[in-house]
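Computation of the quantities below employed the complete heavy-atom set of this structure, encompassing side-chain atoms and omitting hydrogens, waters and symmetry-equivalent molecules. Per chain, numbering begins at 1; letters A, B, ... match sequence-line order.
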2 protein chains.
Amino acid sequence: MENVDKNPDKHDLILSAARSLIGEYGFSALTMDKVAAKAGIAKGTIYLYFKDKNELIESALKRGFERLFERIEKRVEKEASSLEKLGALIHENLTYINENRFFFKSIFLDEINIVFLKKKSVESFNLRRKKYASFVSEIIKRGINSGEFRKDINPDRMGYLLIALIKTDAIYNFMNKNQDLSPEMIKSESSDMLDFFVKGISAQYKHDVRI
Amino acid sequence: MENVDKNPDKHDLILSAARSLIGEYGFSALTMDKVAAKAGIAKGTIYLYFKDKNELIESALKRGFERLFERIEKRVEKEASSLEKLGALIHENLTYINENRFFFKSIFLDEINIVFLKKKSVESFNLRRKKYASFVSEIIKRGINSGEFRKDINPDRMGYLLIALIKTDAIYNFMNKNQDLSPEMIKSESSDMLDFFVKGISAQYKHDVRI
DNA sequence: TATTATAATGACTTAATAGTCATAATTCAA
DNA sequence: TTGAATTATGACTATTAAGTCATTATAATA
């Protein structure tokens, strides 16, 4: 029964303590005692704002993904062509991941640190992914109709694949680079990824399409 | 100190009980009591064959990935061109995942069920991934040198990406199809994926390259 | 200020489960 | 066949951490 009304400041305080601990040590190391200590409050207090640990973790995740999604939607609708929309989406997503790199590092890296306690969380995690994937696949569908993209691809599957590409790229960066990425690096990375997604790795085509 | 000499049959019995439980309920639900019950032995016996739970989980994973890797290596070296090698790799990997679908479902699906207890396991998981990725990137490098693939791609990154594609495709199938995939479906799926990896989604190129 | 309502506390209870070890069963070797 | 060595057992211990709740502190109100 996530009670935000009571005291929104404390609610946020707890959430950000949790987020910060997740970013530092990962999900599996998150304990209510640590959250309480980090937030400088008593453990019991957490339960005034969150029903249980599961709800706390879910809230932390939910907020992160909602913000990401809002930003991407806002950014993407500015673009006209499907190609440009995809480019904007990739760029915005990589930027957001970089801004919240510790948090996402824990979520993504090695797919190891996430421990969900309840089926319900797994489901809502799936729903978010599905929502994002179908957002992407809508863009691709429009691109197919407009003649920008091939007609013989499965847009739903391509939606999932693009998301996987973005994530994998982030993981690759986490593993191979220690510092934050500069805006320029993110830009070049985004356009590389779009380039690959659109044109593949074959040398059999001329690669001079403007992106 | 994984003692296999003692009694290889029992060692295997325990491992396959663990694998089967992981496939059924996922990593997070694996307890030593359940493994013992499933194997029809006492809990203490497990500790005669595996140092701790961590080693048991690691062994289960390790064996699965080693078999996969061996099969792929054997299959890939039969092919001449880099393109054909990649095609063989994708096909062999999808086939193996399908053969061990319950196990991989738990490992892959939603990236949620893996709980590692020790840093060491995370590291060895990374090593395996790295080994596989560099195997793929070697193929790509040769393809670049032979002129099959573009010179302006990062082969290491492409290695990771291809592995992510395969995995994502498997997840997509787990979510959208209930039964096993037929050999024909795997074949068509593999060639679709290779096609995308090589040519991208753009409609700007003719898509008639023989794969 | 006194009274009530709300919020916060943290010691305690409870549950889950990894790992142990004294004891028992089985196998082996002389 | 019998004593030693090996293997197996499962009740027990220890640990960790989630969640509770009687008590205390603070804020609101009259």
Side-chain angles (χ1 to χ4, degrees), chain A residues 1-22 24-61 112-122, chain B residues 1-19 21-22 24-61 113-122:
Chain A
M1 294 289 120
E2 198 175 332
N3 187 347
V4 189
D5 301 339
K6 244 177 222 174
N7 185 341
D9 287 348
K10 197 149 281 183
H11 185 268
D12 279 4
L13 178 72
I14 295 166
L15 261 189
S16 70
R19 274 177 67 89
S20 139
L21 284 169
I22 289 169
E24 251 177 295
Y25 307 109
F27 281 88
S28 51
L30 191 79
T31 70
M32 298 305 255
D33 287 289
K34 278 188 204 156
V35 173
K38 184 94 179 182
I41 58 173
K43 184 158 72 158
T45 307
I46 300 174
Y47 289 88
L48 300 176
Y49 295 87
F50 299 90
K51 201 182 97 234
D52 53 24
K53 185 182 175 182
N54 197 61
E55 195 182 86
L56 175 60
I57 291 180
E58 259 224 64
S59 299
L61 283 182
I112 273 167
N113 284 311
I114 295 185
V115 183
F116 278 99
L117 305 174
K118 294 192 183 171
K119 277 256 166 77
K120 247 185 75 186
S121 298
V122 176
Chain B
M1 296 289 117
E2 197 173 334
N3 187 348
V4 188
D5 301 339
K6 244 176 220 174
N7 185 342
D9 288 349
K10 197 150 280 182
H11 185 267
D12 278 4
L13 179 73
I14 295 167
L15 260 189
S16 69
R19 274 177 67 89
L21 284 169
I22 289 169
E24 252 178 294
Y25 308 109
F27 282 87
S28 52
L30 192 79
T31 69
M32 298 304 255
D33 287 290
K34 278 188 202 155
V35 174
K38 185 92 178 183
I41 59 173
K43 185 159 70 158
T45 307
I46 299 174
Y47 289 88
L48 298 177
Y49 294 87
F50 300 90
K51 200 182 99 235
D52 53 22
K53 185 182 175 182
N54 198 59
E55 193 182 88
L56 175 59
I57 291 180
E58 259 224 66
S59 300
L61 283 182
N113 285 311
I114 296 185
V115 183
F116 279 99
L117 306 175
K118 295 194 182 169
K119 277 257 167 78
K120 246 185 77 186
S121 299
V122 176

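- A search for side chain to side chain contact (heavy atoms under 4.5 Å, CB included) contacts involving Lys34(B) returns Leu21(B), Ala29(B), Thr31(B), not counting sequence neighbours.
- The distance from atom CG of Asp9(B) to atom P of dA8(D) is 11 Å, rounded to the nearest whole Å.
- Across all strands, Leu30(B) comes closer than 4.0 Å only to sugar-phosphate atoms, never to a base (heavy-atom distances).
- Residue Asn54(B) is tested with Leu56(B), Asp52(B), Ile57(B) for a side-chain contact (heavy atoms from CB on, under 4.5 Å); the sole match is Asp52(B).
- At least one side-chain nitrogen or oxygen of Tyr49(A) sits closer than 4.0 Å to the OP1 or OP2 atom of dA8(C).
- In this entry the distance linking CG of Asp33(B) with P of dG10(D) reads 12 Å, nearest Å.
- One atom, NE2 of His11(A), and another, P of dT6(C), lie 20 Å apart when rounded to the nearest Å.
- The nearest whole Å value for the distance from the CZ atom in Phe50(B) to the C1' atom in dT20(C) is 19 Å.
- Across the protein-nucleic acid pair, Leu56(B) atom CG and dG19(C) atom P stand 10 Å apart, rounded to whole Å.
- Checked against side chain to side chain contact (heavy atoms under 4.5 Å, CB included), Ser20(A) has the following partners two or more places apart in sequence or in another chain: Glu24(A), Lys38(A).
- Among residues at least two apart or in separate chains, salt bridge (Lys or Arg N to Asp or Glu O under 4.0 Å) pairs with a member in residues 40-50 of chain B are Asp33(B)-Lys43(B).
- In this structure, the OH atom of Tyr47(A) is 17 Å from the C1' atom of dA7(C), given to the nearest Å.
- When the P atom of dA17(D) is taken as reference, atom CG of Leu21(A) falls 13 Å away, rounded to whole Å.
- Going from atom NZ of Lys34(A) over to atom P of dT16(D) covers 11 Å, rounded to whole Å.
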Please list, pair by pair, any protein nitrogen or oxygen found under 3.5 Å from a nitrogen or oxygen in nucleotides 9-13 of chain C.
unit_1  : atom_1 : unit_2   : atom_2 : d
dT9(C)  : OP2    : Ala42(A) : N      : 2.9
dT9(C)  : OP2    : Thr45(A) : OG1    : 2.5
dG10(C) : N7     : Gly44(A) : N      : 3.4

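- Atom CG of Leu15(A) sits about 12.0 Å away from atom OH of Tyr49(A), to the nearest 0.5 Å.
- Judged purely by atom type and a 3.5 angstrom limit, Ser59(A) uses its side chain to pair as donor or acceptor with the backbone of Glu55(A).
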